[in-house]
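See structure below.
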2 protein chains.
Amino acid sequence: MNNPIYKNIKEKINISEQDFNNFLSLTKNSQVKKHDFFIHEGDVTKYIAFVKSGVLYSYTVDKKGDKHVVQIAVKNHWISDLFSFFSQEVSVFNIQAIEDSEITILSKDNFEKACNTIPAFEKFFRILIQNAYVDSLRRVSRIYGNSAEERYLKLVKTNPQIIQSVPQHYIASYLGIKPQSLSRIRKKLYN
Amino acid sequence: MNNPIYKNIKEKINISEQDFNNFLSLTKNSQVKKHDFFIHEGDVTKYIAFVKSGVLYSYTVDKKGDKHVVQIAVKNHWISDLFSFFSQEVSVFNIQAIEDSEITILSKDNFEKACNTIPAFEKFFRILIQNAYVDSLRRVSRIYGNSAEERYLKLVKTNPQIIQSVPQHYIASYLGIKPQSLSRIRKKLYN
DNA sequence: TTCATTAGTTAACCTAGGTGAATGCAAGAC
DNA sequence: GTCTTGCATTCACCTAGGTTAACTAATGAA
């Protein structure tokens, strides 16, 4: 089977094509135009999204009004506010499309259905939240243990696709610095 | 019932004294002497601990050999490497006692038993991991959106117990700064 | 086409926090 | 009791990244 979602799930759990097709029938295809919202801060998160094409990103806005990019999801990655999705509390994140994107979405109700009929999915989604947790922990230690330059190099190495397809000011925000500083770092590096 | 663990669990889920007593029979009391380890980096986490007295803290060590405090657990709080505990992968954290401490521990096996016999516990522990995840997310945005001084003030306000009972260099590390800088900040504030 | 935005770059200057070293003080070890 | 070790403080100096502002190039709407 050549479906990218199937491949993505297969990386984490064992699942038959049959079960996957059942799962797929619970999802819906959808589109998000450039700059349109997938999740609005203050709403309860109803869907989890798999990015088929394009790029989505999540961010918070602090009391000073500054935006902080938290996650960037390129092709073949999942994105949502997992905490809000699982707890059904309101989201503190916004998720928006950086460019026109095609996504496959799964609602909370159908997520429950998938878990009930295909037990392995419970595990798959528990792994998703665990990974999100670990990502966040890693991020904290990366901020504390590395300079912005080191964090940028790390990103270039582990996520070249993000570097290629995302405007720099999003990347700067994701790294926790200003666009001018990223520009300065890049200048220094590519000399 | 006057048991602090009962109180702590009651804050998150509804549970009868009967069920709680069953749960309690699955736990063990233990002690950690000052500077002794509860969890060693590289081991699989076998226990989750409730701090009855004393203070425990978790930290990572980066490639440069610098220590970064991740969590500080005073009386009546839980501590463990939840990721390692649930996934049974090796831990990247060390957890040590800051002072002689009394803890109540629950093993992975007994955790499974508790979940099987008292379904509400599954929820309780899912909430623990969700909260840990949210804490970590909040921490990232606090680092990006606030100065060390603001982070310190926030800690004083929301966690005075930590300020009172933990030596300053641990707090500095938790805030992501050096002890000298915390000293400077405190001097500036208390003038 | 033209005018207005938005993105990226550069540069001068500023500041929060790091670094290294010195000092004083309290607590264990013996 | 002295010796040592660890913690907090202070100070002088340094540096990564923020700030402001100017300039350019690219995109987009009318």
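Naming: A, B, ... by sequence-line order, numbering from 1 per chain. Please read all numbers here as calculations on a predicted model, not as lab measurements. Just so it is clear, the values below take in all heavy atoms, side chains as well, and ignore hydrogens, waters and symmetry mates.
- Between the OH atom of B:Tyr6 and the CG atom of B:Asn21 there is a distance of 9.0 Å, given to the nearest 0.5 Å.
- Annotation: the span from A:Phe38 atom CZ to A:Tyr57 atom OH amounts to 14.5 Å, rounded to 0.5 Å.
- Expressed to the nearest 0.5 Å, how far CD of A:Gln96 lies from CG of A:Leu56 amounts to 9.0 Å.
- A distance of 4.5 Å separates NZ of B:Lys33 from CG of B:Asp100, quoted to the nearest 0.5 Å.
- In this structure, B:Leu155 CG and B:Ile171 CD1 are separated by 6.5 Å, a value rounded to the nearest 0.5 Å.
- Transitive grouping of hydrophobic side chains (ILVMFWY, heavy atoms separated by less than 4.5 Å) brings B:Phe50 and B:Ile13 into a common cluster.
- Nearest-nucleotide positions on DNA chain D place B:Gln168 closer to the 5' end than the other of A:Arg184 and B:Gln168.
- A heavy atom closer than 4.0 Å to some atom of DNA chain C occurs in B:Gly176, B:Ile177, B:Lys178, B:Gln180, B:Ser181, these being the qualifying members of residues 174-183 of chain B.
- Side-chain atoms of B:Asp62 come within 3.5 Å of backbone atoms of B:Lys64 as a donor-acceptor pair (strictly under, hydrogens ignored).
- Sorted by residue number, the list of members of residues 140-162 of chain A with any non-hydrogen atom under 4.0 Å from DNA chain C is empty.
- A donor-acceptor contact shorter than 3.5 Å links the side chain of B:Ser141 to the backbone of B:Arg138.
- Remark: A:Arg139 is positioned above the aromatic ring of A:Tyr174, its terminal NZ or CZ atom under 6.0 angstrom from the ring centre and at most 45 degrees off the axis.
- Nucleotide D:dA8 holds its C1' atom 15 Å from the CD1 atom of B:Ile163, rounded to whole Å.
- Remark: the backbone N or O of B:Ile95 is not paired with any side-chain donor or acceptor of B:Ser58 at under 3.5 angstrom.
- Remark: aromatic rings of A:Phe83 and B:Tyr133 are distant, center separation not under 6.0 Å.
- Mapping heavy-atom proximity under 4.0 Å, the span of DNA chain C touched by chain A runs 5' to 3' from C:dA7 to C:dA11.
- Against DNA chain D, the stretch residues 56-73 of chain B makes no heavy-atom approach under 4.0 Å.
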For B:Tyr47 and B:Phe85, run ring pair (Phe, Tyr, Trp, His ring centres under 6.0 Å): C-alpha distance rounded to whole Å, both residues' side-chain angles, the deciding distance at 0.1 Å, then the answer.
CA-CA 7 Å; B:Tyr47 300 98; B:Phe85 183 79; 8.4 Å; no

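- In this structure, A:Lys67 forms a cation-pi arrangement with A:Tyr59, its terminal cationic atom sitting closer than 6.0 Å to the ring centre and no more than 45° off the ring axis.
- A sub-4.0 Å separation between OP1 or OP2 of D:dA8 and a side-chain N or O of B:His169 is present.
- Evaluation of the side-chain contact (heavy atoms from CB on, under 4.5 Å) rule for A:Glu112 yields A:Lys108 as partners, not counting sequence neighbours.
- The interatomic distance linking B:Tyr170 (OH) with D:dG6 (P) rounds to 11 Å, in whole Å.
- Just one of A:Asn3, A:Thr27, A:Asn29 meets the side-chain hydrogen bond (donor to acceptor under 3.5 Å, both in side chains) condition when paired with A:Thr104; it is A:Asn29.
- In the helix from C:dT1-D:dA30 to C:dC30-D:dG1, the rotation axis of the first five pairs and that of the last five pairs differ in direction by 50°, rounded to 10 degrees.
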